[in-house]
Amino acid sequence: MAEQNTTGAGGGGVSGYDPQKVEAKWQKRWAEARVFESEADPSKPKYYTLEMLPYPSGTPHMGHVRNYTIGDVVARVKRMRGFNVLHPMGWDAFGLPAENAAIKNSTHPRTWTNNNIAEFQKVLRRFGFSYDWRREISTCEPEYYRWNQWFFLRMLERGLAYRKKSRVNWCPKCCTVLANEQVINGGHCWRHEDTLVESREIEQWFLKTTAYSDQLLDDLKQLEGTWPERVIVMQENWIGKSQGAKVKFAVADLAGAEPIEIFTTRIDTIYGSTAVILAPAHPLVTRLLKGSAMRVEAEGKLAKMRQASVKAEDLATMEKEGFFTGWYAVNPFNNEKIPIWVGNFVLMEYGTGAIMAVPAHDQRDLEFCRKYGLAVRVVVQPPEGEPLEAEKMTTAFDEHMQGKLVNSGPYNGLSPLDAIAKMTAFAEQKVFGRGETIFRLKDWGISRQRYWGTPIPVVYCAKDGIVAVPDSDLPVILPQDVKLTGEGGSLLASTPEFVNTICPKCGGPARRETDTMDTFVDSSWYFYRYCDAHNDKAPFDSAKVNYWFPIDQYIGGIEHAILHLLYSRFWCKVMRDLGLIKHAEPVARLFTQGMVLRGGVAMSKSRGNVVGGEEMAQKYGADTGRLYTLFAAPPEKDLEWSEESIEGSWRFLNRVYRLIERHAEALANVGNFDFGRSAVSEKERELIRKTYQTLQRVTSDFETRWHFNSAIALIMELTNEIYAQEPLEEGVRPEVRREILEMATLMLAPMTPHLAEELWEMLGHSDGLWNAKWPYLGVEQVQLSQNVEVEIPVQVNGRVRGRVKVAAGAGEEEVLKLALADPGVAHHANGKRIVKKIFVPDRLLNLVVS
RNA sequence: GCCCGGGUGGCGGAAUGGCAGACGCUGAGGACUUAAAAUCCUCCGGGGAUUUUUCCUCAUGUGGGUUCGACUCCCACCCCGGGCACCA
């Protein structure tokens, strides 16, 4: 006992607790007994709990450990509660960092990725997370990504995957497309800081997320209460539904010109529109400028605007700029001619890329019209106060729930809401407009001009055009034998063995698509694959998925609140419409945990503030690391890493170990405590009560509140109480001692599973704790958990002036009598009249005196 | 600008209408030891009174309100963090 312990912590022999030995031992036993392997079984209640799959870069740090520990506690508690638990892990293995690292270290992305996966796996196993490792997936393996391709083909068949020209950030040095976050310093390439990024139009593949706009929005309602509100709000904003109308304004005096279609949510203000404003990128702009007197001047301004729009980041603070095209549009409601302008604040990507400016009732329009001296006309008067005067307005009146229309011909006197209905109907009847709902949500561009991703399974044939690769030819395998240099554009495009192929239709020569898929494709459906990870006939067996889904608890970072979760929801709906699954939403309950910070910022390799999981496991053991990440802060909050505090968790586990070590031998062959029959001594009663009360509160902290930190505090308190009652041999029978120590062990099990197993064994159990159930209290036990005597604080005018000890359940009169005898209470209450008494049984007595 | 969080000792945090500061960290003092480590014990929000025992008082970002009673509920404001933002 108490020899040198082998950990570095504290530097000396604390107890016989040797986490390295204990943890290795139980991890081996769990693996041998296949404890965490589960199968779909409709006769059992299921629980699918999942942590977001990691991108394996480098080695896991304590941020990862915290995330997976939270998930592991949930999985283990549910197992102890009798659920058939699915708890898998895998790797988000495609992506740009692997390519960059490969270029830097002249290796292959696969080598770099697989090394990292091995490292991650080692550390995750070291922490004893209860994963079913048989279900492990790696998204860069053909066995996985062939199903990305398969899904893509199904979407292609249904018109949900299509090709279109789209504007991208292009670095002429990299010869490739850059993501928005790779455009830095006001439009320069992140790798070539002296190179200006160009805006180019290239053909790209898109998935039609917009086909599901309404469902993606409406189904958020199902998630209320089980998803964090802010995630729901972020998704709502992202989808950005907007109800309004599209209206066509003819261009006056320009033969053959298409009318300009504008989008507005306030068709009721159309009599107040004093200009039509086009986005700089609007196709009509060039045409209008051709015949314009101000052509030269205008083209200069236009070029400046179009270039400026590349710098997305300072768009928000930009001054409103614009110019007159020299042409006029005709308001279809009153046939008034209004000038056509170009304005930098009108976005081509939203609505129709053209607006009607109603300066009196839209702040942006007002600013623009004031700047350029355009007319302002009031068409809605507010219900009270001074009537608006166009000349004096500095703030637009944009309330649409109140007011009455003026200066609006036949619509005068209507409320804006009535006017919207009537005017939309009129526009539809006259066929120059219609009511329409538009969304901010755009289709999902999935093309990436990169190597390390899923090849898009189509070929281009001179004769047959775009031809889908047949299912029987899947997967289209990423060529392994390539050399990455980072120069010269798409690597796949310059690999002839990959590019050159034959057309599946005509057998003639054809070229393969060389774009690969966005890695968000991989993560959009990976959790389905876990249900049937090695199926080589289909992405998964629907029966298995229908058993396990939806995911009961999904745990991950807030950074995935929009894209990953939105794409996953989209994918789910597509799969449902393909008949593969039954549910409409993949994730029943979502939890977003806080980050682990060091020096106030998230741990990251580039900042050099990482605390490695491996390092902590070596120094303190996995259980201490797990316990600390749970204890230091509630799981939803950020956690500032502290090397000093973790010592406290280490000390606590040693304290528990020593306690049970001291009693184990004497208790190994002792039977269970008989709650009903045997009378208990005062000391026994007190210990049992404390134990059961702790259990009740810990259970609620685990199940309903997720307050792991206070659950641990409660178990610490219990441990302190037991120590305070030592030596237990005096006055506490062995079977009672056993009851108390076993309960403490079981309560720790989800958080520090290795230690708990060891203690369980020391207490004489030959079958593992993994077979044990979470303890429920029987009727007699609940009775024992109740207090016999309570101390009731007595307040006088809301301030505590004394306390009285009474039997639990004592009545008001008895408590009052004792209270008045208390010197502190008497001092404040004597000689005064008691106006009111508030008595809460077993909790409080408050005397209001005058 | 709009929408979410959050603000409690030296620090992490607990208490969701009923004794504010549980539990832990740090710090101080003590016991054990040749010594150290480990372990164990005591103290640890501010101010005041009383001195050796307790009492009073202030205190949960600020100011109001509701209530017998507010960290907790309501109103206004300040500060910090995050998200969205010419979205027509």
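Computation of the quantities below employed the complete heavy-atom set of this structure, encompassing side-chain atoms and omitting hydrogens, waters and symmetry-equivalent molecules. Lettering follows sequence order; numbering is per chain, from 1.
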Practice item. Mind checking Thr264(A) for me? I need base, sugar-phosphate or nothing, with any heavy atom below 4.0 Å counting as a touch. Key: sugar-phosphate
**Study point:** Atom-to-atom span, CG of Leu659(A) to P of rU39(B) - whole angstrom
**Key:** 15 Å
**Study point:** Aromatic contact, Phe333(A) with Phe432(A) (centres under 6.0 Å)
**Key:** yes
Review point. Counting only non-hydrogen atoms, which of residues 267-284 of chain A are less than 4.0 Å from RNA chain B?
Key: none
Exercise for review: Go through the side-chain N and O atoms of Gln786(A) and Tyr692(A) and say whether any donor and acceptor fall under 3.5 Å apart.
Suggested key: no
Check your understanding: For Lys836(A) and rC68(B), is the shortest distance between a side-chain N/O and OP1 or OP2 below 4.0 Å?
Key -> yes
Exercise for review: Measure the shortest side-chain to side-chain distance between Leu217(A) and Glu236(A) over non-hydrogen atoms and say whether it is less than 4.5 angstrom.
Suggested key: yes
Study note, to complete from the structure: In whole angstroms, the gap separating P of rC3(B) from CG of Leu220(A) amounts to 19 Å
Review point. Where does rG29(B) land, syn or anti, once you apply the within-90°-of-0 test for syn?
Key: anti
Review point. Under 4.0 Å between a side-chain N/O of Arg651(A) and OP1 or OP2 of rU26(B), yes or no?
Key: yes
Revision key, fill the gap. For Lys301(A), the side chain to side chain contact (heavy atoms under 4.5 Å, CB included) test, sequence neighbours excluded, returns Glu297(A), Phe323(A)
Nucleotides 28-31 of chain B: which of its N/O atoms have a protein N/O under 3.5 Å away?
none

Exercise for review: Mind listing the residues from residues 702-715 of chain A sitting with a heavy atom below 4.0 Å of RNA chain B? Number order is fine.
Suggested key: Arg705(A), His707(A), Asn709(A), Ala713(A)
Exercise for review: Quick one: stems involving RNA chain B, counted as three or more successive Watson-Crick or G-U pairs, both distances short of 3.5 Å.
Suggested key: B:1-7 with B:78-84, B:10-12 with B:23-25, B:27-31 with B:39-43, B:45-49 with B:54-58, B:61-65 with B:73-77
Practice item. Using whole Å, report how far CZ of Phe345(A) lies from P of rA85(B). Key: 18 Å
Check your understanding: Relative to the ring of Phe368(A), is the ring of Trp341(A) parallel (under 30°), tilted (30 to 60°) or perpendicular (over 60°)?
Key -> perpendicular
Check your understanding: Between Met716(A) (CE) and rG13(B) (C1'), how many Å, whole number?
Key -> 12 Å
Review point. Charged N to carboxylate O below 4.0 Å: is that the case for Lys690(A) and Glu721(A)?
Key: no
Check: protein-nucleotides 56-60 of chain B nitrogen or oxygen pairs below 3.5 Å:
{"residue": "rC56(B)", "atom": "OP1", "partner": "Arg801(A)", "partner atom": "NH1", "Å": "3.4"}
{"residue": "rU57(B)", "atom": "OP2", "partner": "Arg801(A)", "partner atom": "NH1", "Å": "3.0"}
{"residue": "rC58(B)", "atom": "OP2", "partner": "Arg799(A)", "partner atom": "NH1", "Å": "3.2"}
{"residue": "rC58(B)", "atom": "OP2", "partner": "Arg799(A)", "partner atom": "NH2", "Å": "3.2"}

Study note, to complete from the structure: When rounded to whole Å, the CZ to C1' distance for the pair Arg803(A) and rC55(B) reads 13 Å
Review point. Do Arg662(A) and Glu726(A) sit within salt-bridge range, that is, some charged N less than 4.0 Å from a carboxylate O?
Key: yes
Kindly give the atom pairs (protein nitrogen or oxygen, nucleotide nitrogen or oxygen) under 3.5 Å for nucleotides 46-50 of chain B.
none

**Study point:** Set of side chain to side chain contact (heavy atoms under 4.5 Å, CB included) partners for Ala744(A), sequence neighbours left out
**Key:** Leu718(A)
Review point. Centre of Trp238(A)'s six-membered ring, under 6.0 Å away, within 45 degrees of the axis: is that where NZ or CZ of Arg440(A) sits?
Key: yes
Review point. With a non-hydrogen cut-off below 4.0 angstrom, is Gln795(A) in contact with a base, only sugar-phosphate, or nothing?
Key: base
Practice item. Take atom NZ of Lys442(A) as the centre, draw a 6.0 Å sphere, and report whether it contains more than 12 heavy atoms from other residues, nucleotides or ligands. Key: no
Point to revise | Rounded interatomic separation in angstrom, taking CG from Asp842(A) and P from rG18(B) | key: 15 Å
**Study point:** Whole-angstrom distance between rG61(B) and rU57(B), as gauged at atom P
**Key:** 22 Å
Dump the pairs, protein N or O against N or O of nucleotides 5-12 of chain B, anything under 3.5 Å, distances to one decimal.
{"residue": "rG12(B)", "atom": "O2'", "partner": "Ala632(A)", "partner atom": "O", "Å": "2.4"}

Review point. Which of residues 231-245 of chain A have a heavy atom under 4.0 Å from RNA chain B?
Key: Val233(A), Met234(A), Ser242(A)
Check your understanding: With sugar-phosphate meaning primed atoms plus P, OP1 and OP2, does Val358(A) contact a base, only sugar-phosphate, or nothing at under 4.0 Å between heavy atoms?
Key -> nothing
Check your understanding: What do you reckon, are the aromatic ring centroids of Phe631(A) and Phe708(A) less than 6.0 Å apart?
Key -> no
Check your understanding: What does Pro634(A) touch in the nucleic acid at a heavy-atom separation under 4.0 angstrom: a base, only the sugar-phosphate, or nothing?
Key -> sugar-phosphate
Review point. Taking the six-membered ring where the residue is Trp, are the ring centres of Trp650(A) and Tyr628(A) under 6.0 Å apart?
Key: no
Practice item. Measure the distance from CD1 on Ile562(A) to C1' on rC3(B) and round it to the nearest whole Å. Key: 12 Å
Point to revise | Euclidean distance for P, rC56(B) against rC73(B) (whole angstrom) | key: 29 Å
Check your understanding: Of all residues at least two apart in sequence or in a different chain, which pass the side chain to side chain contact (heavy atoms under 4.5 Å, CB included) check with Asn720(A)?
Key -> Arg655(A)
Exercise for review: Please work out if Asn720(A) contacts a base, only the sugar-phosphate, or nothing of the nucleic acid, heavy-atom cut-off 4.0 Å.
Suggested key: sugar-phosphate
Exercise for review: Kindly write out the residues that satisfy side chain to side chain contact (heavy atoms under 4.5 Å, CB included) with Asp623(A), not counting sequence neighbours, or none if the list is empty.
Suggested key: Tyr17(A), Glu23(A), Arg626(A), Leu653(A), Thr752(A), Pro753(A), His754(A), Leu755(A)
Check your understanding: Would one find a side-chain N or O of Arg658(A) under 4.0 angstrom from OP1 or OP2 of rA38(B)?
Key -> no
Exercise for review: Can you tell me the distance, in whole Å, between the CZ atom of Arg662(A) and the C1' atom of rU39(B)?
Suggested key: 14 Å
